[in-house]
Amino acid sequence: MIDLKIGQLNFSYFDGLVLDDINLSVEPGEMVGLLGPNGSGKTTLIKLISGILKPGHGDIMLGGSNLSRLNRRNIASRVAVVPQQFHIPFAFTASEVVMLGRTPFIKAFSGETGADRQAATTAIELAGISDIAGRRFDELSGGERQKVILAMALAQQPKLLLLDEPIVHLDISHQIETLELVRSLNTERGLTIIAAMHDLNLASLYFDRLVLLEKGKIHADGTPEEVLTEDRISRVFSTAVKVNPHPITGAPHIIIIPGEHKDNHVPS
Amino acid sequence: MKIKFGNRRVWIWLLLGTVLIAALFLASTFGAVNISLPDIFKMVLNKVAFFDFSAGWAAMDETIIFQIRLPRVIGAALVGATLATAGVLFQGILRNPLADPYIIGTSAGAGLGATIAMTLPINLTFLGFGLVPVAAFIGALASVTLVYNLARVGGKTPIISMLLAGFVVSALLAAFITFMMAISDRLNLDLHAVYSFLMGHISVTGWGQIAAITPLVIGGIIVARFFAFRLNAFSLGEEGAAYLGIEVERDKMLILALGSLLTAAAVSISGLIGFVGLVTPHSMRLILGPDHRMLLPASALAGAAFVVIADLLARTILAPVEIPVGVITALIGAPFFLYLLRHSRREYAF
């Protein structure tokens with residue numbers, strides 16, 4: 001269990017501010033969905049929380065320690081990241097890829113220990129990939145690869161799991177399977193989770209708390225009911241929508257109204 | 001269900017070790033004077049252990065074995081192990097299947113250094129090395145340093161920039177070599193010596209050179225093994241490696257520096273032997289899979305055996321004429337690699 005506190009965070013690449021005055025506090029065991037249009041700063045925020053980008057201004061406190069004072073190995077033994085896609089050029093098997101998650105713990109010469117194999121085995125079982133563990137990673141389907149990468153992240157035994165659009169390349173069956181798995185890691189194992197999401201309806205169904213980014217600022221932060229309103233979505237995504245309660249769960253369900261995009265006009 | 005993590009195949013060490021030892025003895029028997037294998041065994045045992053075989057051989061043979069042939073054969077083994085190890089390091093860190101020890105400028109730098117040294121009317125000897133190997137060593141490291149710094153932008157050294165800078169700097173330095181060769185008359189440059197360097201030639205003439213490079217080479221190969229698991233993590237790309245706790249820029253610099261140092265050491269006693277550092281790692285990856293903890297030591301053993309055999313053929317096929325060993329490594333290496341590539345059951349992933 002670990003908490004995260006981000007205070008007055010600014011970040012810019014070479015050309016212009018990408019994140020502007022972000023204040024965000026995530027309690028241990030929370031599951032937070034990051035929403036926002038392309039370019040709103042979701043991926044950048046995830047990279048900052050994982051420590052591979054350094055903030056221009058402001059602090060990121062992870063479990064009481066300032067991220068900028070931790071070295072990479074220290075961060076990686078607490079925070080794991082599942083990026084959108086991985087290309088692995090060599091013919092590693094799925095189980096070998098999962099074992100890579102033990103990198104922060106493996107000593108240079110002694111190699112993996114029984115504890116490392118145990119952690120990797122547990123991760124493989126949690127992710128439900130025991131049946132494909134011996135197969136070559138490059139010969140797996142997109143959905144299977146995503147689960148292997150998730151298992152690799154779990155082998156890190158992180159306190160905080162960051163996911164960058166984890167379901168964007170998957171069919172709906174794999175999308176639901178992945179989100180169910182992520183939610184059970186949260187509820188059953190107490191893992192703190194922050195995931196960038198594109199699909200507003202799935203975010204509404206699976207997350208208790210949503211943070212909506214707009215042009216590098218936090219536009220809204222709260223429950224799905226508070227964040228996913230017709231006004232906010234129309235404004236932030238420049239798209240006319242109708243929001244109804246989900247017929248079974250009651251969560252906000254977004255219905256797109258075609259032909260009503262704000263930028264959709266023929267130049268004269 | 002018991003899950004397997006990788007494959008430890010004991011037989012591969014036995015096989016590679018046997019092949020290397022066989023190659024070393026085979027290469028020791030043949031040469032300008034052929035000395036029988038049993039005699040070599042006896043001579044070596046007399047030297048190293050408590051044996052006292054009566055000498056049924058000419059005293060001259062013993063001098064040839066210990067003063068000429070063994071240093072050369074061991075030099076060839078060291079060069080092969082070094083180039084293959086450097087090849088694994090460069091392919092792993094650059095994630096590029098065409099990477100070899102020469103890809104970021106070592107070869108052209110060494111070639112130019114050696115060529116310049118050949119024009120200088122100076123006769124220096126340093127640890128048993130003449131001016132040419134020393135200049136080749138310095139040239140290799142200087143050109144990699146130049147490439148690394150040219151590719152460096154804002155605290156990072158992107159791989160694409162490094163490959164491009166390496167290619168361009170190599171082309172530029174190669175042009176200088178060609179220019180010097182074109183005006184060789186005025187420079188008093190021995191063209192045959194330049195070709196011999198550029199095509200590879202094990203120029204070990206005594207134990208001094210072996211003694212000088214062994215600590216560097218063996219030490220470097222052992223240090224490389226320390227980076228093996230981190231090289232596996234680099235397979236995920238630099239961002240993925242960073243997520244796994246790797247200090248990417250630091251480790252990249254260390255691995256490139258180590259690979260370059262190994263290459264420079266090899267080049268200083270052998271000139272530019274091609275193919276070993278490219279094909280040995282690929283062959284071992286086809287046979288053993290991509291885990292660098294296996295790949296590094298296996299490639300070192302295989303590379304050593306490969307160059308020992310290639311050098312044996314280079315100096316015996318057309319004796320007393322010596323064929324450049326780089327010609328032999330290409331002639332054996334290319335068909336062998338193509339055979340492996342065609343006969344592996346599955347697509348080769350890089």
Side-chain angles (χ1 to χ4, degrees), chain A residues 14 47 50-53 71-83 86-112 116-117 120-125 129-131 133-134 136-139 149 152-153 155-156 158 162, chain B residues 1-8 88 91-92 94-97 99 153-156 222-251 281-282 285-295 344-350:
Chain A
F14 294 111
K47 287 184 177 177
S50 69
I52 69 163
L53 291 177
N71 66 25
R72 280 244 54 85
R73 184 183 276 254
N74 274 329
I75 296 172
S77 56
R78 299 172 207 202
V79 182
V81 184
V82 177
F86 259 134
H87 169 66
I88 303 181
F90 301 110
F92 283 106
T93 63
S95 66
E96 286 174 322
V97 171
V98 175
M99 187 57 86
L100 292 180
R102 299 304 295 166
T103 304
F105 309 96
I106 286 178
K107 302 265 185 305
F109 216 81
S110 55
E112 71 220 25
D116 294 317
R117 275 186 290 274
T121 305
T122 306
I124 284 170
E125 283 161 359
I129 53 164
S130 305
D131 52 331
R136 254 169 64 169
F137 181 81
D138 63 314
E139 293 176 351
I149 296 301
M152 180 180 83
Q156 272 174 267
L162 303 172
Chain B
M1 190 168 135
K2 186 98 177 108
I3 288 158
K4 276 176 75 183
F5 297 98
N7 236 331
R8 297 289 131 79
V88 176
Q91 286 175 7
L94 300 173
R95 301 212 305 161
N96 186 312
V153 184
K156 292 192 172 177
I222 291 169
V223 172
R225 178 60 182 74
F226 277 98
F227 285 102
F229 203 79
R230 273 179 266 180
L231 277 169
N232 287 350
F234 267 104
S235 308
L236 299 173
E238 295 188 359
E239 192 179 310
Y243 291 143
L244 293 176
I246 304 279
E247 300 281 356
V248 169
E249 290 301 324
R250 184 199 66 188
D251 283 2
H282 281 308
R285 209 178 277 115
L286 272 167
I287 296 169
L288 292 171
D291 187 342
H292 288 87
R293 291 173 294 178
M294 295 279 280
L295 204 50
S344 74
R345 276 162 296 161
R346 310 155 88 175
E347 192 185 341
Y348 178 47
F350 191 102

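From a predicted model like this one, the values you see are computed outputs, not experimental measurements.
- For A:N71, the parts lying near chain B are the backbone and the side chain together; criterion is any non-hydrogen pair under 4.5 Å.
- Considering CZ of B:F227 and CZ of B:F234, their distance stands at 9.5 Å, rounded to 0.5 Å.
- With a 4.5 angstrom heavy-atom cutoff, A:I75 does not touch chain B via any of its atoms.
- A salt bridge does not link A:E96 to A:R136: none of the charged side-chain nitrogens sits closer than 4.0 Å to a carboxylate oxygen.
- Comparing B:I246, B:L236, B:V248 by how many heavy-atom pairs each has under 4.5 Å with chain A, the most go to B:L236.
- With a threshold of 4.5 angstrom between heavy atoms, A:A153 does not approach chain B through any atom at all.
- Only the backbone of B:Q91 comes within less than 4.5 Å of a heavy atom of chain A; no side-chain atom from C-beta onward does.
- Annotation: salt bridge (charged side-chain N to carboxylate O under 4.0 Å, His left out) contacts of B:E239 (sequence neighbours excluded): A:K47.
- Using a 4.5 Å cut-off between heavy atoms, A:I124 touches chain B through its side chain atoms alone.
- Ion pairing between B:R250 and B:E247 fails under the 4.0 Å rule for side-chain N and carboxylate O.
- Atom CZ of B:F229 is separated from atom CZ of A:R102 by 9.5 Å, given to the nearest 0.5 angstrom.
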